[in-house]
Amino acid sequence: MTRSKVVQILKTVSPGTEVDLRGWVRTKRESKQDFAFLEVNDGSCMANVQVVVDASVPDYATSIKQIHTGASVAIIGEVKESPGKGQRVEVHARSLKVLGTADPQTYPLQKKGHSFEFLREKAHLRPRTNTFGAIARVRNALCASIHHFFQELGFLYVQTPIITTSDCEGAGQVFQVTTLDLAKLQTFKGPVNYEHDFFGKKAGLTVSGQLEGEIFATAVGDVYTFGPTFRAENSNTTRHLAEFWMVEPEMPFYELEDNMDLAEAFVRKVVKDVMENCAEDLAFFNERIEPTLLASLQNIVEHDFIRLTYTEAVDILEKSGQKFEYPISWGKDLQSEHERFLTEQHFKQPVILTDYPREIKSFYMRCNEDGKTVRAMDVLVPRIGEIIGGSQREERHAVLIDRMKECNLNPEDYWWYLELRQYGTVPHSGFGLGLERTVQLVTGMTNIRDCIPFPRTPKNADF
RNA sequence: UCCCUGAUAGCUCAAUCGGUAGAGCGAGCGGCUGUUAACCGCUAGGUCCUAGGUUCGAGCCCUAGUCAGGGAGCCA
């Protein structure tokens with residue numbers, strides 16, 4: 001007999017069937033009249049299956065005494081319709097084997113809820129909780145949906161390097177990668193000679209696969225990357241991680257409008273997929289974490305995103321009569337409070353902002369004819385803020401060089417990037433979507449550290 | 001990195017004016033029960049984050065530090 005997962009037992013297995021059930025006990029309700037209820041979970045779904053164990057089971061008394069919250073068990077029994085409330089079926093055990101005990105004096109997880117702060121210190125056990133099991137399932141469904149979306153459109157999944165020696169890539173502090181002995185290095189004075197380092201030059205962890213993505217986009221057509229990204233910023237917020245996952249599509253012959261169309265279709269599709277495939281988990285989040293979750297996701301799926309330029313947004317903010325901590329004026333970047341006002345109060349919808357001032361955006365974004373703005377786009381969503389940042393890329397060789405100098409970058413460092421414009425250049429566009437921020441969006445979880453299995457943040461890289 | 005707040009039982013928190021450390025949950029034991037965040041009773045459980053300082057006396061006041069949470073910046 002093969003193992004039946006809890007999700008199968010609860011949803012599809014018909015009464016009368018004998019099943020082999022294995023999992024972890026969430027709670028035990030014991031009766032002195034020689035029977036007990038076990039709630040068994042195996043992570044296959046949110047719900048537990050109730051197992052009824054009575055004295056007819058061999059070694060009943062010894063086994064039951066060994067079982068506490070967290071113990072692992074193997075059960076063979078018959079699925080029966082449940083007379084109790086709260087479940088269609090239950091399993092009546094014929095045999096019960098305790099695979100591993102969990103000493104209740106020391107096992108950190110209890111039947112009742114724990115704070116997320118506490119669970120972050122127990123990253124090796126938190127997937128066993130309802131919330132983190134659900135997050136794991138939703139994150140998985142999201143990743144699957146992301147791949148499906150691009151694969152169905154014929155995009156190629158391209159793997160860009162994690163270790164990179166291009167010192168540039170625009171913003172973001174880089175984690176250095178080296179085999180040099182730092183302890184020895186400390187005793188020498190003078191500049192470090194990277195010729196002796198592993199790669200013969202200074203290397204670091206990637207902050208974005210975009211530039212390499214452009215290489216393939218201008219060769220094989222539509223591509224996307226999907227992988228870990230690293231930022232050594234000392235950011236201590238609910239929206240930043242030092243290691244996070246990013247999806248970065250890059251499309252030749254796309255102009256900014258095409259880019260927006262794709263980004264919007266993408267977000268709406270993955271949200272829709274998760275709502276369909278993780279309905280039970282999302283219902284849990286809606287009930288326990290964020291009561292407006294399902295309504296806000298439905299809103300994303302059903303309505304077009306609002307599109308407006310940075311200039312129009314500034315105008316709305318200035319005329320709003322709203323008091324902001326940081327007053328807005330043209331040329332300044334939007335603060336979190338401004339983004340929140342637009343998405344949560346003014347439009348109550350996701351918003352795509354375009355054509356930002358060139359001074360506050362990266363060198364690779366295409367300059368507009370007005371000389372003041374660039375073809376940038378940010379997708380802003382309620383609660384989270386920026387979930388996507390993208391742009392039409394500057395494909396004109398001379399303009400790009402000028403922009404690099406304007407941004408105090410040395411064009412020589414970008415020689416291969418510039419050659420993409422020198423030989424067969426084409427208009428092209430792309431964007432980056434933060435996976436963990438999307439997990440925040442679809443679960444309602446407020447802290448991004450709970451949206452990745454093992455969060456890496458300043459002063460924290462355990463597990 | 002900056003601002004604010006916090007750190008007390010395994011967990012979540014309380015402790016009035018500076019005067020003998022409290023509750024709920026969890027755990028152990030007992031009772032009851034087709035139960036389901038079960039319920040009822042009893043019991044155990046504390047270096048009050050660390051290091052200094054003020055004071056007759058500090059969980060509480062002061063200084064420094066560590067860590068955490070929220071907000072800001074950077075951004076995805």
Side-chain angles (χ1 to χ4, degrees), chain A residues 26-40 47-54 65 68-70 80-87 90 92 102-122 130 169-173 207-210 228-248 263 288 324-326 332-340 360-362 376 378-381 384-390 431-441 446-452 457-460:
Chain A
R26 285 290 178 79
T27 71
K28 174 181 74 170
R29 292 182 293 274
E30 199 178 349
S31 167
K32 289 295 179 280
Q33 296 184 335
D34 283 342
F35 70 101
F37 299 101
L38 304 179
E39 294 279 341
V40 177
N48 308 318
V49 64
Q50 173 166 290
V51 179
V52 185
V53 191
D54 63 30
K65 198 164 191 182
H68 299 90
T69 298
K80 290 189 175 176
E81 283 179 25
S82 178
K85 286 176 184 172
Q87 64 269 326
E90 59 191 18
H92 287 237
D103 181 358
Q105 295 287 359
T106 57
Y107 186 62
L109 301 184
Q110 304 173 355
K111 294 179 195 179
K112 296 222 172 178
H114 294 285
S115 69
F116 295 136
E117 291 85 355
F118 173 73
L119 290 172
R120 259 168 239 152
E121 295 168 0
K122 312 284 176 198
N130 283 338
E169 303 190 347
Q173 290 291 312
V207 297
S208 164
Q210 179 199 318
T229 311
F230 308 87
R231 305 268 167 97
E233 305 282 357
N234 191 7
S235 295
N236 294 288
T237 79
T238 55
R239 301 181 306 281
H240 290 85
L241 292 164
E243 176 179 316
F244 64 99
W245 282 61
M246 191 152 62
V247 184
E248 294 180 285
R288 304 289 281 273
F324 295 112
E325 195 183 339
Y326 298 90
K332 289 183 189 169
D333 208 350
L334 297 186
Q335 307 283 326
S336 288
E337 56 176 341
H338 303 134
E339 297 180 351
R340 273 204 305 276
I360 60 172
K361 287 291 181 185
S362 299
D378 283 357
V379 179
L380 312 177
V381 294
I384 320 293
E386 184 179 347
I387 199 171
I388 283 179
F431 60 83
L433 169 126
L435 179 66
E436 287 74 19
R437 287 189 182 173
T438 313
V439 174
Q440 282 184 287
L441 176 70
T446 53
N447 196 316
I448 200 166
R449 297 171 188 208
D450 300 323
C451 295
I452 187 168
T457 54
K459 302 272 190 290
N460 197 340

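Worth knowing before you read on, the calculation uses all heavy atoms, side chains too, and leaves out hydrogens, waters and symmetry mates. We name chains A, B, ... by the order of the sequence lines, and we start the count at 1 in each one.
A:Y326 comes within contact range of the sugar-phosphate backbone alone, with a heavy-atom separation under 4.0 Å but no base atom that close. Base contact: A:Q50 has a heavy atom under 4.0 Å from a base atom. Within the 4.0 angstrom heavy-atom criterion, only backbone atoms of the sugar-phosphate kind lie near A:I388; the bases stay farther away. Residue-level contact check: A:R26 touches neither bases nor backbone, having no heavy atom under 4.0 Å from any strand. Here A:G84 lies in heavy-atom contact (under 4.0 Å) with a base. Contacts of A:P104 with the nucleic acid, taken as non-hydrogen atoms under 4.0 Å apart, involve only primed sugar atoms and P, OP1 or OP2.
The partner of B:G24, taking Watson-Crick or G-U wobble pairs whose two distances both stay under 3.5 Å, is B:C11. Of all nucleotides present, only B:C56 satisfies the Watson-Crick or G-U wobble test against B:G19, with each distance under 3.5 Å. If you check B:A37 for Watson-Crick or wobble pairing at under 3.5 angstrom, you find it has no partner at all. The partner of B:G69 is B:C4, judged by Watson-Crick or G-U wobble contacts that both fall below 3.5 Å.
Inter-residue side-chain proximity for A:R26 and A:N130 is flagged as met; some heavy-atom pair is nearer than 4.5 Å.
The interatomic distance linking A:D54 (CG) with B:U33 (P) rounds to 17 Å, in whole Å. Note: NE2 (A:H114) to C1' (B:A9) measures 15 Å, nearest angstrom. Taking atom NZ of residue A:K28 and atom C1' of nucleotide B:A37, one finds them 17 Å apart after rounding to whole Å. What separates CZ of A:R340 from P of B:C75 is a distance of 17 Å, to the nearest Å. Between the CG atom of A:L109 and the C1' atom of B:A37 there is a distance of 15 Å, given to the nearest Å. A:L119 has its CG atom 9 Å from the P atom of B:U12, to the nearest Å. In this structure, the CD1 atom of A:I360 is 14 Å from the C1' atom of B:G73, given to the nearest Å. B:G28 atom P lies 11 Å from atom CD of A:Q110, rounded to whole Å.
A sub-4.0 Å separation between OP1 or OP2 of B:G71 and a side-chain N or O of A:T238 is present. Taking 4.0 angstrom as the limit, A:H68 places a side-chain polar atom (N or O) nearer than this to OP1 or OP2 of B:G28. Contact annotation: A:R120 side-chain N/O to B:G69 OP1/OP2 distance is under 4.0 Å. The side chain of A:R239 contributes no N or O atom lying less than 4.0 Å from OP1 or OP2 of B:G70. At the phosphate of B:U36, neither OP1 nor OP2 sits under 4.0 Å from any side-chain N or O atom of A:T27. Listed pair A:R449 / B:G69 meets the phosphate criterion, a side-chain N or O lying under 4.0 Å from OP1 or OP2.
Formation of a donor-acceptor pair under 3.5 Å by the A:R120 side chain with backbone atoms of A:R449 is not found in this model. The main-chain N or O of A:R239 is found under 3.5 Å from a side-chain atom of A:R437 such that the two form a donor-acceptor pair. Within the 3.5 Å criterion, the main-chain N or O of A:D54 finds no donor-acceptor partner in the side chain of A:H92.
Both A:T446 and A:E436 lie close to RNA chain B; mapped to their nearest nucleotides by heavy-atom distance, the more 5′-ward contact belongs to A:T446. For the pair A:A242 and A:E121, both in contact range of RNA chain B, the more 5′-proximal nearest nucleotide belongs to A:E121.
Between the base of B:U35 and the side chain of A:E30 there is no donor-acceptor pair shorter than 3.5 Å. Between the side chain of A:N236 and the base of B:U1, at least one donor-acceptor pair of N or O atoms lies under 3.5 Å. Interface remark: the A:E117 side chain does not form any donor-acceptor pair with the B:G70 base, using a distance-only criterion of under 3.5 Å. Scanning atom types as modelled, no donor and acceptor separated by under 3.5 angstrom connect the side chain of A:E233 and the base of B:G73. Below the 3.5 angstrom threshold, one finds a donor paired with an acceptor across the side chain of A:R437 and the base of B:C75.
A:E248 and A:S208 form a side-chain donor-acceptor contact under 3.5 Å, judged by distance and modelled atom types alone.
Shown here for A:Q87 and A:E90, the closest heavy-atom pair between the two residues is NE2-OE1, 4.4 Å.
A salt bridge is absent between A:R231 and A:E233; no separation between the charged side-chain nitrogens and carboxylate oxygens falls under 4.0 Å. Look at A:E39 and A:R29 and you find a salt bridge, because one of the NZ, NE, NH1 or NH2 atoms lies within 4.0 Å of a carboxylate O, short of that distance.
Here, B:U47 and B:C40 have their P atoms 30 Å apart, quoted to the whole Å. To the nearest whole angstrom, the two C1' atoms, one in B:C49 and one in B:U33, are 44 Å apart. Distance noted for atom C1' between B:U43 and B:U55: 39 Å (whole Å). Taking the P atoms as reference points, B:A58 lies 29 Å from B:C4, given to the whole Å. Across B:C61 and B:G24, the matching P atoms stand 27 Å from one another, rounded to whole Å.
Stacking of the aromatic ring of A:F37 onto the base of B:G34 is not found under the criterion of centres within 5.5 Å and planes under 30°.
Nucleotide B:C48 carries an anti base; the chi torsion (O4'-C1'-N9-C4 or O4'-C1'-N1-C2) is more than 90° from 0.
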